[in-house]
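What follows is a single structure, written as structure tokens, with notes after it.
Count residues from 1 along the sequence.
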Amino acid sequence: MAKMILVGLVEPPSPEAEQLFRENYLGNHIEDIANCPGFLSGTVYELEHPHDDFPVISRFLTIYELEADTWEEANANLQAWISDPDAYPGRLSGEGALSIVGSGWYKFERAYHTRA
């Protein structure tokens, strides 16, 4: 089970950049970061429909699961990974591909499972 997650709320920066976003962020960046040492997985969800009358902050929600004990450890691993141009073969430049609406490190607190 993951000890921590990194959540990213992202958008294409403009309607014209939708294809670039899908190719670069969804088709390359998520897998790249999921391969970072200490990361267990990278998953992205696209908004299907708003919940009740709550405001929608982002159309895309990305969740990375990590083994790290602290956000500092996880962030150090991530910074070293993205700083190494040879860490991930085929890495694409993220220039102009996305707009980050929000992001944060979350530590595991508790879980409830009602179905097997």
Side-chain angles (χ1 to χ4, degrees):
M1 172 183 247
K3 295 179 183 179
M4 182 167 292
I5 62 172
L6 171 60
V7 174
L9 303 171
V10 298
E11 296 286 326
S14 68
E16 297 77 30
E18 179 85 23
Q19 183 176 346
L20 178 62
F21 173 83
R22 289 189 175 278
E23 290 171 1
N24 185 300
Y25 185 73
L26 299 179
N28 185 265
H29 182 75
I30 306 295
E31 185 176 4
D32 178 357
I33 301 305
N35 278 284
C36 176
F39 281 56
L40 301 171
S41 67
T43 307
V44 64
Y45 297 89
E46 183 173 3
L47 179 70
E48 180 70 18
H49 191 273
H51 177 238
D52 292 335
D53 293 327
F54 294 106
V56 173
I57 296 171
S58 177
R59 200 171 105 210
F60 293 90
L61 167 68
T62 306
I63 300 171
Y64 297 101
E65 295 182 293
L66 297 97
E67 291 179 325
D69 291 320
T70 66
W71 75 266
E72 293 93 346
E73 175 190 346
N75 193 55
N77 289 343
L78 178 58
Q79 294 308 314
W81 180 259
I82 62 177
S83 296
D84 180 356
D86 299 321
Y88 185 75
R91 178 180 287 166
L92 299 175
S93 166
E95 188 71 29
L98 71 130
S99 176
I100 300 173
V101 178
S103 184
W105 299 99
Y106 293 80
K107 67 178 181 170
F108 177 78
E109 180 63 34
R110 68 187 73 182
Y112 300 96
H113 301 281
T114 59
R115 293 182 180 48

Quiz item: For Tyr45, which residues count as a ring pair (Phe, Tyr, Trp, His ring centres under 6.0 Å) partner, sequence neighbours excluded?
Solution: none

Self-check item: Residues that, via side-chain heavy atoms closer than 4.5 angstrom, fall in one hydrophobic cluster with Leu47
Solution: Val56

Quiz item: In the hydrophobic cluster built from side-chain contacts under 4.5 Å, what are the other members alongside Val44?
Solution: Met4, Leu6, Val10, Phe21, Tyr25, Leu26, Ile30, Ile33, Phe39, Phe60, Tyr64, Leu66, Trp71, Leu78, Trp81, Ile82, Tyr88, Leu98, Ile100, Trp105

Quiz item: Under a 4.5 Å cut-off applied to non-hydrogen side-chain atoms, are Leu61 and Leu9 in contact?
Solution: yes

Quiz item: Can you tell me how far CZ of Phe108 sits from CG of Asp69, rounded to the nearest 0.5 angstrom?
Solution: 14.0 Å

Quiz prompt | Ser58 and Glu11: side chain donor to acceptor below 3.5 Å | solution = yes

Quiz item: Taking atom CG of Leu92 and atom NE2 of His29, what is their separation to the nearest 0.5 Å?
Solution: 11.0 Å

Quiz prompt | Contact summary for Pro85 and Arg91, nearest pair of heavy atoms | solution = CA-NH1, 4.2 Å

Quiz item: For the residue pair Gly96 and Ala17, what are the closest heavy atoms and their distance?
Solution: O-CB, 4.1 Å

Quiz prompt | Nearest-0.5 Å distance that lies between atom CG in Asn35 and atom OG in Ser41 | solution = 11.0 Å

Exercise. Sequence neighbours left out, what pairs pass salt bridge (charged side-chain N to carboxylate O under 4.0 Å, His left out) with at least one residue falling in residues 42-60?
Key: Glu18-Arg59, Arg22-Glu46, Glu46-Arg59

Practice problem: Please indicate whether Glu72 has more than 12 foreign heavy atoms, meaning atoms of other residues, nucleotides or ligands, lying under 6.0 Å from its CD. | Solution: yes

Quiz item: How does the hydrophobic cluster around Leu40 look, that is, which other residues are in it when side-chain heavy atoms under 4.5 Å mark a link?
Solution: none

Self-check item: side chain to side chain contact (heavy atoms under 4.5 Å, CB included) against Asp84, all qualifying residues, sequence neighbours excluded
Solution: Asp86, Ala87

Exercise. Check whether any side-chain N or O of Ser103 sits under 3.5 Å from a backbone N or O of Val7 as a donor-acceptor pair, and report yes or no.
Key: yes

Self-check item: Shortest non-hydrogen contact between Pro13 and Ala97, atoms and distance
Solution: CD-O, 3.5 Å

Quiz item: Between the main-chain N or O of Ser93 and the side-chain N or O of Asn24, is there a donor-acceptor pair closer than 3.5 Å?
Solution: yes

